[in-house]
Every structure is written in C-alpha cells, then in structure tokens.
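Lettering follows sequence order; numbering is per chain, from 1.
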2 protein chains.
Amino acid sequence: MVTIKDIARHVGVSPSVVSRALNNKYGVKESTRQMIVQTAKEMGYHPNAAARTLVTRRTMTIGVIMADISEPFYSGIIKGLEFVASESGYTLLFSNSYESLEQSRVVQRMIDAQRVDGMIIVGSNVKEKAYISSLVDKGTPFVVIERSYRDPRMNCIWVDNVMGGYIATKHLIDCGHTRIAHITGTLDVEVAADRLKGYRKALDEAGIAFSPNLVVQGTFVWQTGYSAMKTLLETRPLCTAVFVANDSMAFGALQAIAEAGLSVPHDISVVGFDDLQFSSLTNPPLTTVRQPRYEMGRDAARLLVSRLNHPEQGDGTKICHPPELIVRKSTTVCRDSDQPEAIVTQQRQ
Amino acid sequence: MVTIKDIARHVGVSPSVVSRALNNKYGVKESTRQMIVQTAKEMGYHPNAAARTLVTRRTMTIGVIMADISEPFYSGIIKGLEFVASESGYTLLFSNSYESLEQSRVVQRMIDAQRVDGMIIVGSNVKEKAYISSLVDKGTPFVVIERSYRDPRMNCIWVDNVMGGYIATKHLIDCGHTRIAHITGTLDVEVAADRLKGYRKALDEAGIAFSPNLVVQGTFVWQTGYSAMKTLLETRPLCTAVFVANDSMAFGALQAIAEAGLSVPHDISVVGFDDLQFSSLTNPPLTTVRQPRYEMGRDAARLLVSRLNHPEQGDGTKICHPPELIVRKSTTVCRDSDQPEAIVTQQRQ
DNA sequence: CATGACTTCACAAACGATTGTGATAACCTA
DNA sequence: TAGGTTATCACAATCGTTTGTGAAGTCATG
C-alpha cells in the first residue's frame, strides 16, 4: 500500500507538505500542490482510515442501530441515511439490536472502541432507556428516530402518530362507518398508544361513542393481527371497518376476514399503517397511512452530521413529520350506514 | 478516554507490560497481570480500534455487500453472518450495491482505505465481474455467496439451483401434472438459468415434452411474475401447474390467478423458490423451495474468518448447499390427470 | 539597505496501541 | 562462587497520518 511518505519521496518534499496539499490546506505552493495531487493519483494513493482517525479523533462513520435491519419497514429510512452519509463523506455502521441484551455489545463495540462519531437509533425496544442514557452519559452525539423524548439532551425525529391514527379513522368515518374497530400495537410503546389516541380523537369529534370491545391489542406482528381480527369477527354487532395499527397486522387481518368468507372492502373496510412495499400488492391493495420514512432517515442523518460538524449547536432538536393517508382498495363507503345496526348484523349471520 | 498509558501510570509499570498483560501474552508476572486487568476494568478501559489497527494491520471487520440489505431474502444470510462474526470478534460493515456504479465507491471506501480485512459479496448484479476481479487483483480475501465461479482464486457458496428447479418440478409431476409452466428469472443470471435447467431435467426424466410457450421470462420482481402469469393464462391449452423462479414473482402469479377467477391450488398449482418469511402467509400458503440461507451466511463468514486467520490455506473453496422443498397449500394433485387435455382446457373456457 | 511581512517548506511531536530488544534481577547448577 | 539460564520488565521503534513551530527564502516598503 502506498503511503504519504512514498509520495513525499517521489515528489521530493516532506510528508507534511503532501498531507497539506492533499487536504487543500493553506501553506503549499500551487504548482507543487498540483504535482503532488498528480503523482498521488498516479501512484494510486488512498489515505489510511485508521491512521487518520488516530490523529483527527474522527472516524467519519455513523453507527446505526435498529431492531432488525431486514424489516422492510426500515428500507426507506436506510436509503435516506445512506443518501446523506455518502453526500457528506460518512460511512454507516449498521447493527441489529434484536434483544436489548445484545445492545450492550453493540455499544461496547461502537462507542467504547471509538469506531463511530455518533449514532442513530431507529425505533427500538421497550428496554432501551438505559441504553440511551448511557449514550448521553458518554457524550456521544446521537439522534433517535421514531421516538419523541422530551429530554432536552436528545435529538428526536418522529411521525405524528396521533394525527396518523386520526386521519385513518377519520377516513373511515367519512366513508360512513360508525362501528369502527381498532387493532392496536403493543400499548406500552408510545407509537401504539398515540395511534390509539388519534383513533379516539376522531371518534369523539364525530360523536361516535368509544366501545372498548371494538379495541383489541396486538403486538405489531402478522399473527396478532390475524388473531385479533378473529376475535373482532366474533364480536356483535359486527364492525364494518377496522383500523389496524400497522400493515403487518393488517395483512393478518385481511387473511382472517377472507377465511371468514367475508369480503374486503365490501363487508369490512381495512386501514393499515406504514405503507410497506408489499401493501400495494395485497388483495385488495391496502389503504394505509404512510410515514415519510425516506425523509425521516435523511433528516436524521443531516441532523447528526450537522451536530458533528458544529458541536456548539448543541442537542435537543425535535422534528415531527406529518403522516399521509394512502387510499387504495381496502376501504369503501359503508353500505349499511343508513340502516339500523340490528339488521346489518343480522344479515351477516 | 482512558488509555493504556493511564493504566501503566496507575499500576506503576510500562505501557508495553499493560499491553502484554491485557492480551494474555508471554512475559508478565501473574500477579501484576491480575493487577493490571483489575485496574483496567476499574478505570473502564477499552482499546482504541484505530490505534490497534494501525499497528496490527488488521481491522477485525468484514465488509458485506449486497444489492439491497432491506430485501427480505437476505435476512437469514445476515443472521448467519452476524452469528459467526460476533462469535469470532469481527464487526460487519454493510453496504448496498444497488447499481453497479455505486460499487466503485464502496470498494474505495472499504478496501482502499483499509477499513476491512476481507469481504463477503452476496448475490450481486450482472455487472459485478470487473468488481470482483479488482478484489482478486488487490489481494483482498473474499467469499461470494449465491454464485459458483469456477475461478480457483475465488471462494464460493451457493445453493444447487439445478436441483432446486428439479425438485420443484418433480413435486408437481408427482402430483400428476403434465402441463407445467415455468416463470423464469433474468436468464443471463446463472441462478435463473440453473433453475430452468432443473425444470427441464425433471420434465425429461418424466418423459414430458418441453414446450417453449409454457416458459415465460421474468426478472425476479413481483410485477413480472404477475404479467408473466397473465400471459400464461391466455395460453392454450392452459397449464395446470406453474413453477415460479422465486417467491416474489410467485406472489404476483397468485394475484394474477386470483384476478382471473381461478383458484390455487384447485385450478392451478404454484411452486415458488426462496421461502421468504411472507411465503407462509399468502392465501394459500405457498409451496416453495427453501434455500438454507442462515447456513450459507454462517459458512461464508466461517470460511472468510478461517481464511483471514490462516492465509496459508489459500482460496478456491467451493461449498454447494442442497435446497429443500417446503410443501404448503398452493400445490395439490392434478384433478384432470387422467383426462384428455382437450376436455380439461375446454372446461376452463 | 535594513526591516518586516509573507510564502513555502522541513522537522518533529503527537494519536494509542503492539512488539522486538536489551537490561536487571533472580534463580539455579556445577 | 562463577557462569548460565530464566523471568520480568523498561525502552524505543513503529504503524500512517495530521499539525504546530521554526527556518529559510522571497519580496516589498520605507
């Protein structure tokens, strides 16, 4: 591997001049700079990352932690992160957190060994509190996506989940539905609680009474969407629409409805949340609430990079993105909206 | 950050002794080693990765390149890689290749800046030839997953796609089907060509004539599976079964069949390839050929790590994994197997 | 012509580890 | 007790950069 010394020897100057020339720093004659740049290219020189890191104390890499990078949900976020990273010369170092237990290893590898300049944490498990506060304690700059901590030392980027739950439910109400069920996510996660809030807010506004037996809790995975829908299908009077807290569970719900011999959206309208890549490919294509994932990833990376380049700007930035309703074929007007409920449910049995 | 010198000063020895003590090397008294280890822990010492890399010339990280890390297909491979990496003290540095154009950047960042000790390339685009030979030229140890290059300088791990195509088709033949269609992948990719070979081999063995109009080419994505199936549905006599070269296209095929008002598997049996996480959740659950992805990732990492630790062992290892047929609900016996084809197709029209 | 201000470069000290070599002390053997 | 071996450690070089400082050389100004 060709080093800075090789170039220095070749050109006939000292290594320090080569370094300054290559980094466009003040204090080297323009003609010699050009000669240096030229021979550096000819000799195929590339600066050694470790050596540079050792003296500059910057790794030019950003650690990214998420539950499972293979989750299709993260795809857009990753692309946003990558765009900004490559734009600003940073490398991304991904690591799955899976269980919280593993996170300690991740921290040790990334922060303690000083492999990263900062971190971006996407989503995260319930037990991440201790993890994040260890970041704060160590003084590592970081940004959290999909969480809205009030802590003024944290930079957060998230989507307005209350609004998301609201517009999803409002859409169903606008379609004339009044018996609207809700399959929630894991309710001790803020995201799920907020979507439930939005659901209730829309009901309130429309003057529809909240009925607890139309709300079933899931855990954000297919299987719980499926079983929750099974439960709802046994509830009388039957709902005519359901707002599901994410698309994975909505897929499960679609399956449960199909198995019951009912049709979406004719018998039951379904709204999901996330707008996964697959959501436009279901049968029927799923109406859902899209999160601006690319933008969230992009902004998170920009925020962190800016924080790294200007430490004086401090932390505590909060960015809240609005969600967007994507109307597809899984929702339609309630055909029974003018009829007494008793008759409606009777027809179904 | 506490360094090795801090510990040395604290304990009253020289830095070199601390290094040897912490790395369990010969030449330090057992009592002082214990004291050093103890105070290192107390002071919260963690070795600086850059400094260590600079002198040992090892980064203890492995670069991983794949088309798009968010593809669910890669999930199992990643888990296999991660398992071995964390087991053997390596860190994984992921990078998407997307278009081949981007790859040059990736190479430069990873190899040229000497950020990685070796690389693992998963799948890959058609244009990766130049890329890979640049790796060979630079002497970077690497392993390719999902490709079977004959080049004795390359380490390859792949699944037997000919056998995969064979067992998929054989399964349909065993169900009594004789008019078996095939939706291929991008045929200039070896994987797709091999699956087609397996398909033909099974037909040959069963004495079923190969008919070109039952083979439609796709590009491994949903949309082409959908449109290819549309084409096949217009072909007469109609096929009673179809082997699709991957699950994503099979999902598209299922959709096309459903839209045509036909039922899977009653009217048409469908076999996919890959066994994605979602494949068990379709309606009906998809019969498919599973690739041992976890094992492939695991073996790739093991192979590379072993190659890094023992350079003398050289390259050229080839590992071929067998695929496995997963029978679900999308295939069944051909109800028309004893009837003349003319009648069969007549019924469908 | 002397003084000062630039320009351009070389020198050397870091950064935080690893590792070869040599020095000291301890121990053993004959 | 002399000579030799061994255990334990300190010293210093090194990895490939960056960066502060000082030494020339150039130039202009009064």
Side-chain angles (χ1 to χ4, degrees), chain A residues 1-37 39-40 43-61 89 91 108-117, chain B residues 1-37 39-40 43-61 89 91 108-117:
Chain A
M1 275 293 173
V2 36
T3 74
I4 222 170
K5 283 185 185 173
D6 299 328
I7 302 176
R9 210 176 308 123
H10 207 266
V11 178
V13 294
S14 85
S16 58
V17 178
V18 177
S19 171
R20 284 186 242 262
L22 261 27
N23 293 328
N24 286 313
K25 292 209 173 164
Y26 177 84
V28 34
K29 193 167 27 165
E30 186 53 31
S31 62
T32 69
R33 149 171 294 143
Q34 289 182 2
M35 171 155 300
I36 289 172
V37 170
T39 65
M43 298 176 73
Y45 169 78
H46 294 281
N48 180 297
R52 179 175 276 183
T53 291
L54 195 54
V55 47
T56 62
R57 312 179 87 44
R58 300 193 67 174
T59 60
M60 296 306 286
T61 87
T91 298
Q108 182 160 343
R109 288 247 175 96
M110 287 191 179
I111 313 265
D112 292 343
Q114 302 167 56
R115 281 177 192 263
V116 299
D117 295 334
Chain B
M1 273 295 171
V2 37
T3 75
I4 220 170
K5 283 185 186 173
D6 299 328
I7 301 175
R9 209 177 308 123
H10 207 266
V11 178
V13 295
S14 84
S16 58
V17 178
V18 177
S19 172
R20 282 186 243 264
L22 260 27
N23 293 328
N24 284 314
K25 292 206 173 165
Y26 178 84
V28 34
K29 193 168 26 166
E30 186 51 32
S31 61
T32 70
R33 149 170 296 142
Q34 289 183 1
M35 171 154 301
I36 289 172
V37 170
T39 66
M43 297 176 71
Y45 168 78
H46 295 280
N48 179 297
R52 178 177 276 179
T53 291
L54 195 55
V55 47
T56 61
R57 315 182 80 56
R58 300 193 68 176
T59 62
M60 297 307 283
T61 87
T91 298
Q108 182 159 342
R109 289 250 174 93
M110 287 191 179
I111 313 268
D112 293 341
Q114 301 166 58
R115 280 178 193 263
V116 299
D117 295 334

Given atom NZ of B/Lys29 and atom P of D/dC9, what is their separation to the nearest angstrom? 5 Å
For A/Val17 and for B/Tyr26, locate the closest nucleotide of DNA chain D by heavy-atom distance; then report the residue assigned to the nucleotide nearer the 5' terminus. B/Tyr26
Given D/dT17, C/dG16, D/dC9, which nucleotide is nearest the side-chain atoms of A/Lys5? D/dT17
Whole-Å distance, B/Met1 CE to C/dG16 C1', equals 13 Å
Toward the 5' end of DNA chain D, which comes first, A/Leu22 or B/Pro15, by nearest nucleotide? B/Pro15
From the list D/dT19, C/dC11, D/dC11, which nucleotide is the closest neighbour of the side chain of B/Ser14? D/dC11
Out of D/dG16, D/dT19, C/dG16, which has the shortest distance to the side chain of A/Asn48? D/dG16
Roughly how many Å is it from CZ in B/Arg58 to C1' in C/dA17, rounded to a whole number? 16 Å
For DNA chain C, whose closest nucleotide is more 5', that of A/Ser31 or that of B/Ile4? A/Ser31
Quick note, A/Thr3 side chain, CB onward, closest among C/dC9, D/dT17, D/dT8 is D/dT17
For B/Thr32, report the nucleic acid contact type (base, sugar-phosphate, nothing); a contact means any heavy atom under 4.0 Å. sugar-phosphate
Selection from D/dT18, C/dA10, D/dC11 that lies nearest to any side-chain heavy atom of B/Arg20: D/dC11
Could you check how far NE2 of B/His46 sits from P of C/dA17, rounded to whole Å? 12 Å
Which part of the nucleic acid does A/Ser16 contact within heavy-atom distance under 4.0 Å: base, sugar-phosphate only, or nothing? base
Applying a 4.0 Å non-hydrogen cut-off, can you work out what B/Arg57 is touching in the nucleic acid: base, sugar-phosphate, or nothing? sugar-phosphate
